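When a ligand or atom number is given, it counts from 1 through the structure's own listing order. The basis for the numbers below is simple: all heavy atoms, side chains too, and nothing from hydrogens, waters or symmetry mates. Predicted model, so just to flag it, every value in this text is computed and none were measured.
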Amino acid sequence: MSRVGPGEDFEPIQIDRGTRVFVLTGAGISAESGVATFRDAGGLWYQHRVEDVATPEGFARDPRLVWRFYSERRKQVGTVRPNPAHLALAELERFLGDDLFLVTQNVDPLHELAGSKRVLHMHGELLTSRCDTCPRPPFRDERTYFEEVPVCEECGGNLRPDVIWFGEIPLGMREIAEAIDRCDLFLTVGSSGSVYPAAGFVAEARAVRDPQTGRPRTIYVGLERPDNADAFDECRLGPAGRVLPPLFRFAR
Ligand code: BV8
Ligand code: ZN
């Protein structure tokens, strides 16, 4: 059963050189930067049905609506800045180097803007497009499309946002499974635990727990108990921008 309470009620986590840390972030880590989450009141999905804007079927049905949805988000992401939670994870990477595995469900670039060098965007990236028809590689694309659907200059097919929609297979699943298998600490920040397979990663971490060492320890940081709260040893509640900066104690 999880221990649940305000973040300040918990001790900082000791991080030694060589500690292997797995961090999964969700929309909640970007909330204090002003990026709308999906499920909170007034969130992204309240204006649109998932089926219409975040599925291949929705794109086939109305690509202009989908491009308006993603273009609004592209516009917004150009105006936001990383918050102390993103900065805390960039500092963790500077201390741990390759022993930190950071995977995000977010398609915004805020981890990179905060200084994180190695970020796995398992659901793709907002500022990247790809062709829906030919196999040309995805390419950086900050343009917004409100009127017309952009077409591929190589084959004439529709371009689409290079994100992973419902029903599509997330990126990096093998690397993620390997990182879960070897981590000492599993941390999720700002995710409601309602979208799979990401919401199931903590259960995978529990399944590989070493009974002697109790590793990996599993911790959640977020505003409220997530749907998968019972799989965490601790749920440290509060805004990520306040709970994350004092969370780690680095053994220098
Ligand atoms: C797949 C990219 C097969 C696009 C996204 C029935 C049961 C179980 C699963 C399924 C099912 N039916 C279908 C499925 C599978 C489906 C799924 O999970 N559906 C759900 C709705 C039930 N999943 C899929 O289709 C996935 N693909 O399964 O393929 C497969 C899988 C593996 C191997 C082989 C085959 C693909 C899912 C990806 C969809 N794409 N995004 C885009 O961004 O537009 S999902 C999108 O929603 C995000 O990427 C993210 O993953 C998710 C939102 O979740 P959160 O990040 O958690 O955000 P949310 O708003 O929900 O929560 C925010 C949290 O932050 C809250 O808890 C809040 O309290 C907290 N918070 C708020 N403010 C703060 C804060 N925390 C801290 N500080 C704050 N200040
Ligand atoms: Zn093409």
*Please verify whether a non-hydrogen atom of Ser194 lies at under 4.0 Å from ligand 1.*
yes
*Check the surroundings of atom CD in Glu148: do more than 12 heavy atoms from other residues, nucleotides or ligands lie under 6.0 Å from it?*
yes
*For ligand 1, indicate whether the residue Ala31 contacts it via side chain, backbone, both or neither (heavy-atom separation under 4.0 Å).*
side chain
*Quick one: is the NZ or CZ of Arg3 closer than 6.0 Å to the six-membered ring centre of Phe10, and within 45° of its axis?*
yes
*Within 45° of the ring axis of Tyr145 and under 6.0 Å from its six-membered ring centre, is that where the NZ or CZ of Arg68 lies?*
no
*Non-hydrogen atoms of Gly167 versus ligand 1: any pair closer than 4.0 Å?*
yes
*Are any of the N/O atoms in Ile169 less than 3.5 Å from those in ligand 1?*
no
*Under 4.0 Å, heavy atoms only, figure out whether ligand 1 is touched by the backbone of Arg73, its side chain, both or neither.*
side chain
*Give yes or no for whether the N/O distance cutoff of 3.5 Å, strictly under, is met between Val163 and ligand 1.*
no
N/O donor to acceptor pairs below 3.5 angstrom from side-chain atoms of residues 198-206, sequence neighbours left out:
| residue | atom | partner | partner atom | Å |
| --- | --- | --- | --- | --- |
| Arg206 | NH1 | Ala231 | O | 2.8 |

*Regarding Thr104 and Thr25, is there a side-chain donor-to-acceptor distance under 3.5 Å anywhere?*
yes
_Angle subtended at the Zn ion (ligand 2) by Cys152 SG and Cys134 SG, rounded to 10 degrees_ = 110°
*Ile164 to ligand 1: N or O pair under 3.5 Å?*
yes
*Going through the distances and angles, do Thr128 and Asp141 end up as a side chain to side chain contact (heavy atoms under 4.5 Å, CB included)?*
CA-CA 5 Å; Thr128 310; Asp141 182 5; over 6 Å; no
